[in-house]
Each structure stands twice: as structure tokens, then as C-alpha cells.
There are 2 protein chains.
Amino acid sequence: MVLAGELFAEKGFRATTVREIADAAGILSGSLYHHFDSKESIGDEILQGFLNDVLADYRAAVDTGDDPRAVLETIVRTSTGTLARHRAALAMLQNDWTYFSGQPRFGYLRKALQEIEKIWITQFEEGKRAGVFRADLDAKLTYRLLRDILWIPVHWQPGNQWSTPQIVDAFLSLLFHGINEKP
Amino acid sequence: MVLAGELFAEKGFRATTVREIADAAGILSGSLYHHFDSKESIGDEILQGFLNDVLADYRAAVDTGDDPRAVLETIVRTSTGTLARHRAALAMLQNDWTYFSGQPRFGYLRKALQEIEKIWITQFEEGKRAGVFRADLDAKLTYRLLRDILWIPVHWQPGNQWSTPQIVDAFLSLLFHGINEKP
DNA sequence: GTCTATATCGAGATAGAC
DNA sequence: GTCTATCTCGATATAGAC
């Protein structure tokens with residue numbers, strides 16, 4: 001239910017009522033329960049589709065067998081598009097993380113994030129060994145920063161000032177060069 | 001009410017009930033209304049204190065009259081401490097932004113963020129003119145990324161793996177150098 | 001300043017007619 | 001597949017005794 005997703009993203013999962021979802025769909029709230037057995041089922045469907053797609057991006061990037069810098073760049077470039085397509089799902093994840101992650105039903109959320117974390121850290125460590133990344137990089141801390149950074153723009157208003165490629169380029173140049181002019 | 005703030009940060013403003021707040025305070029929900037006239041008043045008090053402190057940091061950094069790079073570093077270093085002290089308030093702002101910013105009562109939130117934005121952009125532009133920042137930097141886009149990045153760690157669990165100085169250093173070195181080993 | 005008790009409202013969900 | 005009608009619950013907030 002893509003309509004529901006937009007509402008969840010805009011107002012938060014808990015703050016969105018089934019009546020609002022039904023309104024957006026042009027039916028009454030009771031009729032919604034012919035399509036879904038609960039509000040949480042709607043959220044579940046949205047989140048699962050999102051995480052499956054993101055994980056596919058990460059796995060594909062690793063499977064190229066490229067060097068760490070190229071793998072990370074591939075991850076950033078492909079997953080950014082996926083994140084943009086699943087804007088609503090990501091916003092739900094960020095806004096209502098404590099709510100979802102606390103429920104057994106949504107246990108796959110934690111698992112997916114753990115797999116993503118492992119991929120980033122592995123690439124960092126390999127890059128450090130190869131001498132292409134700074135040796136003093138704290139892999140886990142840097143991962144947490146970067147992952148959350150990647151997730152930021154999707155939270156911004158849809159159809160706003162910057163295109164997805166623009167944002168990706170800004171992020172990548174920040175990632176690899178910082179904001180300084182070259183010496 | 002610092003107890004309420006912790007709950008708001010952990011569960012979200014709307015998801016936190018006045019009964020939970022009262023429980024944490026060791027009284028019954030009805031008794032809370034002797035101290036506050038509404039749940040929103042509690043949120044209001046927390047958010048105002050936070051934004052006043054952050055704005056003070058930003059203004060002080062600008063008032064040093066230092067060069068852009070130094071001003072930005074001062075902002076990052078001082079405001080990070082302030083953000084950490086107001087962890088709960090910042091989490092509220094991030095989680096329930098659409099809720100708060102939609103209400104006239106919380107109009108000062110938008111105003112404060114506009115002032116912060118103007119300061120970042122001014123420093124970027126000055127640094128670009130002076131040739132110390134990359135000329136191709138999109139000031140507004142970079143600001144949005146960096147502001148949100150600065151706000152990320154505060155969202156992490158309290159008392160966790162990394163100390164505030166550690167996080168600040170990771171952020172600053174990312175900001176000025178990226179993750180690459182020097183050529 | 002905290003209690004008991006309660007008013008009022010809006011939420012998610014259900015049953016059965018059409 | 002959508003409707004009307006309704007149940008049940010938990011939320012914010014209030015009134016007044018102690």
C-alpha cells in the first residue's frame with residue numbers, strides 16, 4: 001500500500017490513523033480490513049520490501065569482487081537510488097525505530113542492519129590493510145556515521161531542491177576528499 | 001522535567017504517555033497537572049532550553065571573528081557538547097519534527113534552524129572566496145548534510161561505545177580530509 | 001502536592017447488511 | 001469490496017477530597 005507508506009513517512013507510523021489511510025484510499029476505515037488484517041501488517045509489508053532491495057544492492061556490490069573503494073562507491077551509488085525509491089519505508093525506519101525494533105515480528109530489521117554493518121566494516125578493514133584508507137580510521141564508528149549520513153537525504157522533502165545524483169556526488173566527494181581545497 | 005525528556009527521547013513524544021511520565025516521577029498522572037498544564041508544555045520547555053543553548057554556541061563562534069575553517073571547527077566542538085547535554089531534546093526534534101513544526105506554538109523551532117543555516121552558509125561562502133574550501137561546494141546542500149550529520153550521534157544510545165570527543169574527531173577529520181590516506 | 005474518580009475523546013478493530 | 005454501526009481500550013485532562 002503505497003498510499004499508506006507516504007502517510008507513515010510524513011506523519012510517523014503511530015501518528016497515522018487507519019482512518020487517514022482509508023481517506024487517502026477513498027474508502028472508509030472499516031473497509032481497509034478487507035485488504036489488511038492490521039495496521040502493523042501494512043507497515044510490515046512496506047519494511048520488508050525495502051530491506052530486501054537494499055540488501056540485494058549490498059550483496060551485489062560485494063560480489064563484484066572489486067577493491068574496497070570501488071565496492072563502497074558502488075554501494076553508495078546503487079543503494080541511494082533504492083533508498084530514494086523506498087523513501088517512505090526509510091523514514092518509517094528512522095522515525096519509529098524503537099517502536100518496530102522492539103517487536104519480535106520485526107526482528108528481521110535488526111538482522112538486516114547487522115549484515116549491512118558487517119559489509120561496511122569488512123571493506124574498511126580491507127582498504128586499511130591495502131593502504132588506501134587512513135590507518136587511524138575507526139571502522140565501526142565511521143560506518144555508523146556514514147550509514148546514517150546516507151540515510152539523511154531521503155528524509156528530506158520529496159521533489160525538493162536537489163536531485164539524487166547531486167546528493168550522491170556531494171556525499172562521495174565529502175567521503176573521499178572532505179571539504180578542503182586540494183593543497 | 002528531565003525525566004520526561006528521557007522518555008520522549010526514547011519512545012518519541014507522542015508515544016510517551018503522561019502516565020509513564022508520572023510513573024517515572026513516582027506520582028500519579030493526575031498529579032502531574034499540578035506542575036504542568038499540558039503535555040505539550042513539558043515538550044515546549046525542553047525544546048526552548050535546548051535551542052537557546054545551541055544558538056548561543058553558534059553566535060559565540062561567529063563573534064570570535066576567526067577565519068571560516070576555525071569558526072566551523074569551533075561550532076562543531078562547542079555545539080557537540082551542547083547537543084550531548086540536550087540529547088533528549090534533539091531526539092525529540094528529529095523524531096517528532098513534523099508534529100512540532102506544524103504547530104504555531106513551536107514556531108521558534110523554524111526560526112532557530114534558519115539562523116543556524118545562515119551561519120553555516122555564510123562561512124562556506126567566505127571560505128570559498130578565500131580559496132580554502134573547494135570552489136565547487138554547494139553551500140546549501142553541504143550545510144544540510146553536515147547539520148544532519150552532526151545531529152546523528154546524539155541519537156545513538158546514551159553511554160555507549162564512543163565518547164563525545166571521539167565522535168567529534170571522527171567527524172572533523174571526515175569533514176576536512178575524507179577517508180582517504182594522504183597521497 | 002498528591003490522591004481518587006471520572007469526563008471526553010479518538011484510536012484500532014469487528015460484525016453483518018448490501 | 002465497501003458500507004453502517006459499534007465495541008473496546010487507552011489517551012489527555014479535570015474536579016474536588018485530603
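Chain letters run A, B, ... following the sequence lines, proteins first, then strands; residues in each count from 1. Not measured: the values here are computed from a predicted model. Only this structure's heavy atoms are used, side chains among them; waters, hydrogens and symmetry mates stay out.
Remark: side-chain polar atoms of A:E20 are paired, donor with acceptor, to backbone N or O of A:T17 under 3.5 angstrom. Of the possible donor and acceptor atoms, one in the side chain of B:S38 sits under 3.5 Å from a partner among the backbone N and O of B:S41. At distances below 3.5 Å, at least one donor-acceptor pair connects side-chain atoms of B:K128 with backbone N or O atoms of B:L137.
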Collect all protein-nucleotide pairs involving nucleotides 11-15 of chain C in which both atoms are nitrogen or oxygen and the distance is under 3.5 Å.
residue : atom : partner : partner atom : Å
C:dA11  : N7   : A:R19   : NH2          : 3.2
C:dG12  : OP1  : A:T16   : O            : 3.4
C:dG12  : OP1  : A:K39   : NZ           : 2.9
C:dG12  : OP2  : A:V18   : N            : 2.8
C:dG12  : N7   : A:R19   : NH2          : 3.2
C:dG12  : O6   : A:R19   : NH2          : 3.3
C:dA13  : OP2  : A:Y33   : OH           : 2.7
C:dA13  : OP2  : A:K39   : N            : 3.0

Identify the pairs formed between an N or O of the protein and an N or O of nucleotides 16-18 of chain C at a distance under 3.5 Å, and give each distance.
none

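Between the side chains of B:T74 and B:R77, no donor N or O sits under 3.5 Å from an acceptor N or O.
Between the CD1 atom of B:I27 and the C1' atom of C:dG1 there is a distance of 8 Å, given to the nearest Å. Summarising the geometry, the separation between CG on B:L32 and P on D:dA13 is reported as 10 Å, rounded to the nearest angstrom. Straight-line distance from the CG atom of B:L28 to the P atom of C:dT4: 5 Å, rounded to whole Å.
Taking the charged nitrogens against the carboxylate oxygens, B:K111 and B:E115 have no contact shorter than 4.0 Å, which rules out a salt bridge.
By the 30° and 60° cut-offs, the orientation of the rings of A:F13 relative to A:F8 is tilted. Between B:Y143 and B:W120, the ring-plane angle classifies as tilted under the 30° and 60° cut-offs.
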B:R69 and B:E73: salt bridge (charged side-chain N to carboxylate O under 4.0 Å, His left out), yes or no, with the steps?
CA-CA 6 Å; B:R69 182 187 151 132; B:E73 181 158 347; 3.7 Å; yes

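Within the structure, a side-chain polar atom (N or O) of A:H35 is placed less than 4.0 Å from OP1 or OP2 of D:dT2.
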